[in-house]
There are 2 protein chains.
Amino acid sequence: MLQLTKRTEYGLIALVHIAERGAVDAGAFVSAREICDRYPIPRRLVAEVLKALQKHAIVESQRGATGGYALTRRPEQITLGQVVSALEGAPPLTSCESPIVLKSGGCEVQSMCPIRSPVNRVREQLWGLLEHTTLRSLLPTRSAPLAIGAANGAAHANAAAAQLD
Amino acid sequence: MLQLTKRTEYGLIALVHIAERGAVDAGAFVSAREICDRYPIPRRLVAEVLKALQKHAIVESQRGATGGYALTRRPEQITLGQVVSALEGAPPLTSCESPIVLKSGGCEVQSMCPIRSPVNRVREQLWGLLEHTTLRSLLPTRSAPLAIGAANGAAHANAAAAQLD
DNA sequence: AGCAAATAGCATCAAATTGGTGCCGTTTGC
DNA sequence: GCAAACGGCACCAATTTGATGCTATTTGCT
């Protein structure tokens with residue numbers, strides 16, 4: 001289904017929460033417990049998601065009693081694409097590009113597949129939209145407008161957003 | 001996963017094929033057999049997909065010996081959104097909007113969910129991209145450029161494409 | 001009339017993905 | 001040294017998805 005997984009949802013909730021806490025308490029580490037205390041999310045899941053985000057250098061973690069998670073960079077430098085990629089893997093959108101198919105000799109339809117390259121362009125468009133939508137634009141307050149205009153237009157929108165800091 | 005299903009892929013392959021055949025042979029009905037003879041797609045699947053497309057009035061079918069399928073309207077009037085919607089159902093992207101959750105009282109996180117409305121905007125952006133990408137732009141020859149610029153810009157791109165015929 | 005081709009509708013099944021959970025080890029502040 | 005919190009691993013249940021079989025009905029052609 002063309003749908004974000006719960007993992008991604010939870011990840012976004014966590015990231016937004018961490019970003020908000022970080023805005024007031026710079027340098028503070030937010031614990032997974034704090035997040036799942038505030039939102040009805042299984043603690044185990046939050047931990048799993050945050051672990052994945054940490055491995056992809058989107059958040060950094062601090063162990064120990066006062067430990068927790070913090071963003072490795074500013075919200076405007078974290079894109080939805082990075083988050084989705086970390087939590088769901090690269091988005092092959094069409095199975096032509098999926099690792100499984102590729103390692104088994106590639107898509108058999110490939111040579112004559114009439115939709116391969118066009119759908120790939122669609123995939124890149126969709127992906128571009130995610131890549132150019134930043135975590136900052138998901139924050140409730142002082143939120144930047146969404147990267148409207150997708151792939152092409154987003155280049156400017158994003159560049160502009162990046163210059164905000 | 002943020003990925004089109006095989007059903008959708010098969011559907012697009014079939015639609016592109018039918019569109020191409022229709023371009024030369026106006027009014028001809030393309031059989032499912034012809035499609036799965038040309039592409040390594042299980043015949044049963046093609047039939048199932050085409051049946052779904054027929055129920056959503058994207059293709060019309062003709063039974064009997066020389067029967068088959070034909071587009072109900074021109075390629076530039078068939079959008080990726082319509083195809084995906086017919087084959088995968090409406091795209092809730094976030095579970096907040098899924099029918100299951102809604103009928104069971106709605107998303108519990110809803111009232112305090114920090115990502116609900118922003119992610120919904122993203123969902124609409126993604127969906128808008130699909131809605132404004134036509135089957136014509138997937139055709140290999142005389143292909144119109146993809147609806148670049150998504151939601152906002154696509155309004156013009158699509159209007160322009162519609163005027164092609 | 002009868003045969004062959006093709007869609008329509010049904011149900012079923014196996015595999016993959018996903019959401020969710022438990023347990024235990026390690027680190028760190030108090 | 002104790003409690004809090006992350007890190008890692010394996011596991012399970014539910015849903016979705018890909019795929020298949022069988023039969024009935026329609027229609028063109030001989």
Side-chain angles (χ1 to χ4, degrees), chain A residues 1-11 13-14 18 28-37 39-56 59-70 84 87-89 91-92 94-95 98-101 104 107 109, chain B residues 1-11 13-14 18 28-37 39-56 59-70 84 87-89 91-95 98-101 104 107-109:
Chain A
M1 285 258 281
L2 193 60
Q3 175 177 336
L4 297 177
T5 64
K6 289 245 172 157
R7 263 184 179 75
T8 304
E9 277 190 63
Y10 294 161
I13 290 179
I18 294 175
F29 284 87
V30 181
S31 69
R33 179 183 173 81
E34 176 180 324
I35 294 175
C36 63
D37 270 353
Y39 309 101
I41 306 176
R43 187 186 311 187
R44 217 64 198 68
L45 264 282
V46 176
E48 200 172 311
V49 165
L50 285 171
K51 181 175 56 182
L53 291 176
Q54 186 254 353
K55 283 190 174 173
H56 285 257
V59 301
E60 54 184 345
S61 63
Q62 173 97 23
R63 301 180 70 165
T66 60
Y69 302 89
V84 172
L87 263 25
E88 305 185 18
T94 66
S95 61
S98 76
I100 301 173
V101 174
S104 67
C107 173
V109 207
Chain B
M1 285 259 281
L2 194 60
Q3 174 176 335
L4 297 177
T5 64
K6 289 242 172 167
R7 262 185 181 76
T8 304
E9 276 190 63
Y10 295 160
I13 291 180
I18 294 175
F29 283 86
V30 182
S31 70
R33 179 181 171 78
E34 177 180 324
I35 294 174
C36 62
D37 270 353
Y39 310 100
I41 305 177
R43 186 184 311 186
R44 216 64 202 65
L45 264 281
V46 176
E48 199 172 311
V49 165
L50 285 172
K51 181 175 57 182
L53 291 176
Q54 186 253 353
K55 283 189 175 173
H56 285 257
V59 302
E60 54 185 345
S61 64
Q62 172 98 22
R63 300 180 69 163
T66 59
Y69 302 88
V84 172
L87 264 27
E88 306 185 17
L93 264 192
T94 68
S95 61
S98 76
I100 301 174
V101 174
S104 67
C107 173
E108 337 78 59
V109 207

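Within every chain, numbering begins at 1; the chains are lettered A, B, ... in the order of the sequence lines, protein sequences first and strands thereafter. Values below: all heavy atoms of this structure, side chains included; hydrogens, waters and symmetry mates excluded.
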Rounded to whole angstrom units, what separation is found between the [atom1] atom of [X] and the [atom2] atom of [N]?
X       : N      : atom1 : atom2 : answer
A/Glu88 : C/dG19 : CD    : C1'   : 13 Å
A/Ile35 : D/dA5  : CD1   : C1'   : 13 Å
A/Phe29 : D/dG7  : CZ    : P     : 11 Å
B/Lys6  : D/dT17 : NZ    : P     : 14 Å
A/Ile18 : D/dA5  : CD1   : C1'   : 14 Å
B/Leu45 : C/dT7  : CG    : P     : 14 Å
B/Gln3  : D/dT17 : CD    : C1'   : 11 Å
A/Leu87 : C/dT18 : CG    : C1'   : 13 Å

Side chain to side chain contact (heavy atoms under 4.5 Å, CB included) partners for [X], two or more places apart:
X       : answer
B/Arg44 : B/Ala47
A/Ala70 : A/Phe29, A/Glu60
B/Arg63 : none

Quick one: [atom1] on [X] to [atom2] on [Y], what's the gap to the nearest 0.5 Å?
X       : Y       : atom1 : atom2 : answer
B/Tyr39 : B/Ile13 : OH    : CD1   : 7.0 Å
A/Asp37 : A/Arg43 : CG    : CZ    : 7.0 Å
B/Ile18 : B/Ile35 : CD1   : CD1   : 4.5 Å
B/Glu9  : B/Gln3  : CD    : CD    : 7.5 Å
A/Leu50 : A/Tyr69 : CG    : OH    : 5.0 Å

ask   = Which part of the nucleic acid, if any, lies within reach of B/Ala47 when heavy atoms closer than 4.0 Å are counted: base, sugar-phosphate only, or nothing?
value = nothing

Check the interface with nucleotides 9-14 of chain D: list each N/O to N/O pair with the protein under 3.5 Å, or write none.
| residue | atom | partner | partner atom | Å |
| --- | --- | --- | --- | --- |
| D/dC9 | N4 | A/Arg44 | NH2 | 3.2 |

key: Non-neighbouring partners of A/Glu48 that pass side-chain hydrogen bond (donor to acceptor under 3.5 Å, both in side chains), sequence neighbours left out   = A/Arg7

task = Give a yes/no on whether any side-chain N or O of B/Tyr10 is located under 4.0 angstrom from OP1 or OP2 of D/dA19.
result = yes

query = Under 4.0 Å: is that the gap between some side-chain N or O of B/Arg7 and OP1 or OP2 of D/dT17?
reply = no

query = Considering only heavy atoms, which members of residues 60-69 of chain B lie under 4.0 Å from some atom of DNA chain D?
reply = B/Arg63, B/Gly64, B/Ala65, B/Thr66

